[in-house]
Amino acid sequence: MTIRNLDDLLAEGVSGRRVLVRADLNVPLDKQTGDITDDGRIRAVLPTLSALVQAGAKVVVCSHLGRPKGAPDPQFSLRPVAGRLGELLGAPVHFAEDTVGDSARACVDGLADGQVALLENLRFNKGETSKDDAERGAFADQLAAFGDAYVDDAFGAVHRKHASVFDVPARLPHVAGRLVLREVEVLSRLTGAPERPYVVVLGGSKVSDKLAVIEALLPTVDRLLIGGGMCFTFLKAQGHEVGTSLLEEEMVETCRNLLERSEGKIMLPVDVVAADAFAPDAAHDTVRADGIPSHRLGLDIGPETVAGFAAAISQAKTIFWNGPMGVFEMPAFAAGTRGVAEAITKTDAFSVVGGGDSAAAVRALGLDESSFGHISTGGGASLEYLEGKTLPGIAALED
Ligand SMILES: Nc1ncnc2c1ncn2[C@@H]1O[C@H](COP(=O)(O)OP(=O)(O)O)[C@@H](O)[C@H]1O
Ligand SMILES: O=C(OP(=O)(O)O)[C@H](O)COP(=O)(O)O
């Protein structure tokens, strides 16, 4: 099995050809203003886009943003992203107000060599995420009509069996973009023979997404540190009350099972910052992890936990971190994420940070990105890669 990459496509010559690029421009937006709060994912795709522009391709970029339900929804429009992408590329980006309709066709047809268009959110169309092969295929036909070749540079979405990721490459000559190639190269260092101790730190809010990963990683890792929104389902499994914290009740049994089989590798918080409400100015205190008051919710790991996690991290030779330790977007609940991130930067271990929000946290907290070995643009994608799963978007690129 081989995967061709962007250099192979460039060597064939792309001048005047329409190149459809699947990017992951799913950037965080400010809930009030709609402004882009972190443009890391836009920057990450620039090497691929710039190379195509310089080679004179007509570049048609497509992406999802958030999780709209298969119909247009203005709060998930990619329009602001087109503006930012244009600034970063130093040339205007033509924005199509639909994904495959009249506006999109006119936009693509109007491109001169070396120009870039961005289509509206792929997920405004049911066919993008449909489980029905025919429905996805019909949408993929429409998308594929906009390209003479296809580049997948959406590492953050390669674990999704979606039309733009899985079905379009079956319809066009296809290659991996620079970002996808680099991500896979780096992550393969963790699946081979990682230098030990190998410490994995997990947090964030997508609890059920990450439980399968824990299961898969347990035999491989030396230590698994769990914080963020997901720790409460584990604390509950240990028999503790968690107040109104994020909880996936139906996963408690699975967590109990994992804890029983973990041979002591799993470290959970011993203290948490518990607040009255999910709000930046909510009253809050540090409480024992087994003593969260019933009316409060845990929004960060506590200082004793940070110290324990930092001690485990300091021993590591290889580190993978996915998911913030708390609601780092609110300064009152950012200390846990900062503490863990700083502990990682102080080691000489090979460290990989995975996940849109984790990468955003590193930047938002003003940490030096170069102190990490690699900052991945994909959270779920990097986790599924480490799990050893077949990733639909990668499989679709193989010849
Ligand atoms: N204790 C918590 N309660 C609720 N949400 C949390 C908690 N800790 C972290 N989060 C939230 O988790 C989100 C990131 O989760 P996730 O998407 O799983 O991470 P990533 O994108 O890095 O994979 C952040 O927006 C953060 O505010
Ligand atoms: O943000 C993303 O994933 P991540 O939060 O796991 O890094 C990707 O854009 C995929 O989005 P999705 O999880 O809605 O398919």
Side-chain angles (χ1 to χ4, degrees), residues 22-29 31 37-38 40-42 44-45 63-69 76 78 81 121-123 128-129 154-162 164-165 183 201-211 213 226-235 242-248 269 272-275 277-280 282 284 289 292 296-302 305 320-337 340-341 352-364 375-385 391-393:
R22 174 50 159 112
D24 180 357
L25 304 176
N26 182 23
V27 290
L29 300 176
K31 284 193 181 65
T37 54
D38 181 78
R41 277 187 169 153
I42 309 178
V45 80
S63 175
H64 70 285
L65 178 78
R67 292 180 170 174
K69 305 262 176 290
F76 295 116
L78 277 167
V81 173
N121 196 334
L122 290 157
R123 293 186 184 172
E128 169 65 0
T129 58
F155 180 73
V158 289
H159 59 317
R160 301 292 181 217
K161 192 179 174 184
H162 292 170
S164 62
V165 177
E183 294 267 19
V201 189
L202 287 182
S205 57
K206 295 178 184 170
V207 182
S208 40
D209 274 13
K210 296 183 188 179
L211 288 177
V213 178
I226 298 179
M230 63 189 302
C231 73
F232 301 101
T233 308
F234 280 91
L235 291 172
V242 295
T244 55
S245 306
L246 196 69
L247 176 68
E248 287 200 26
V272 302
V273 180
F278 190 91
H284 56 274
I292 302 175
R296 290 205 155 192
L297 74 168
L299 294 183
D300 197 9
I301 56 174
T305 304
F320 177 76
W321 169 37
N322 168 277
M325 295 290 101
V327 184
F328 73 95
E329 297 92 336
M330 304 179 191
F333 311 110
T337 303
V340 162
V352 177
V353 182
D357 286 295
S358 314
V362 165
R363 289 184 284 266
I375 300 187
S376 173
T377 52
S382 54
L383 288 171
E384 289 199 18
Y385 184 90
L391 303 176

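In each ligand, atom 1 is the first atom listed, and ligand 1 is the first ligand listed.
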**Prompt:** Hey, is L297 touching ligand 1 through its side chain, its backbone, both or neither, going by heavy atoms under 4.0 Å?
**Reply:**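 The answer is neither.
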**Request:** Examine the proximity of ligand 1 to F333 and report which part, side chain or backbone, both or neither, has a heavy atom under 4.0 Å away.
**Result:**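 Answer for F333: neither.
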**Message:** H162: which residues meet the side-chain contact (heavy atoms from CB on, under 4.5 Å) condition with it, sequence neighbours left out?
**Reply:**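 Expected list: R123, E128, T129, R160, V165.
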**Asked** If you measure every N/O of F328 against every N/O of ligand 1, is any gap under 3.5 Å?
**Response**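 There is no such contact.
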I need the nearest protein heavy-atom contact for [atom]: residue, atom name and distance, please.
atom                    : result
atom 5 (N) of ligand 1  : V327 CG2, 3.7 Å
atom 7 (C) of ligand 1  : G229 N, 3.4 Å
atom 24 (C) of ligand 1 : E329 OE2, 3.3 Å
atom 22 (O) of ligand 1 : S358 OG, 2.7 Å
atom 18 (O) of ligand 1 : K210 NZ, 2.9 Å
atom 23 (O) of ligand 1 : N322 ND2, 3.4 Å

**Request:** Please name all residues satisfying salt bridge (charged side-chain N to carboxylate O under 4.0 Å, His left out) with R41, sequence neighbours left out, ordered by chain then number.
**Result:**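 In terms of salt bridge (charged side-chain N to carboxylate O under 4.0 Å, His left out), with neighbours along the sequence ignored, R41 is linked to D24.
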**Message:** Heavy atoms only: which of S205, G323, G354, P28 lies closest to atom 12 (O) of ligand 1?
**Reply:**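 Closest candidate by heavy-atom distance is S205.
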**All ring-ring contact (aromatic ring centres under 6.0 Å, His included) counterparts of F333, not counting sequence neighbours** = H284
Ligand 2 N/O to protein N/O, distances under 3.5 Å:
from, atom 1, to, atom 2, distance (Å)
ligand 2, 1 (O), N26, ND2, 3.1
ligand 2, 1 (O), R41, NH1, 3.0
ligand 2, 1 (O), R41, NH2, 3.3
ligand 2, 5 (O), K206, NZ, 2.7
ligand 2, 6 (O), G380, N, 2.7
ligand 2, 7 (O), R41, NH2, 2.9
ligand 2, 7 (O), G356, N, 3.3
ligand 2, 7 (O), G379, N, 2.8
ligand 2, 9 (O), D24, OD1, 3.2
ligand 2, 9 (O), D24, OD2, 2.9
ligand 2, 9 (O), N26, ND2, 2.9
ligand 2, 9 (O), R41, NH1, 3.4
ligand 2, 9 (O), H64, NE2, 2.9
ligand 2, 11 (O), H64, NE2, 3.3
ligand 2, 13 (O), R67, NH2, 2.7
ligand 2, 13 (O), R160, NH2, 2.8
ligand 2, 14 (O), R67, NE, 2.7
ligand 2, 14 (O), R67, NH2, 3.4
ligand 2, 14 (O), R123, NH1, 2.9
ligand 2, 15 (O), R123, NH2, 2.8
ligand 2, 15 (O), R160, NE, 2.6
ligand 2, 15 (O), R160, NH2, 3.4

**Item:** CD1 on I375 to CD on E183, rounded to 0.5 Å
**Value:** 10.5 Å
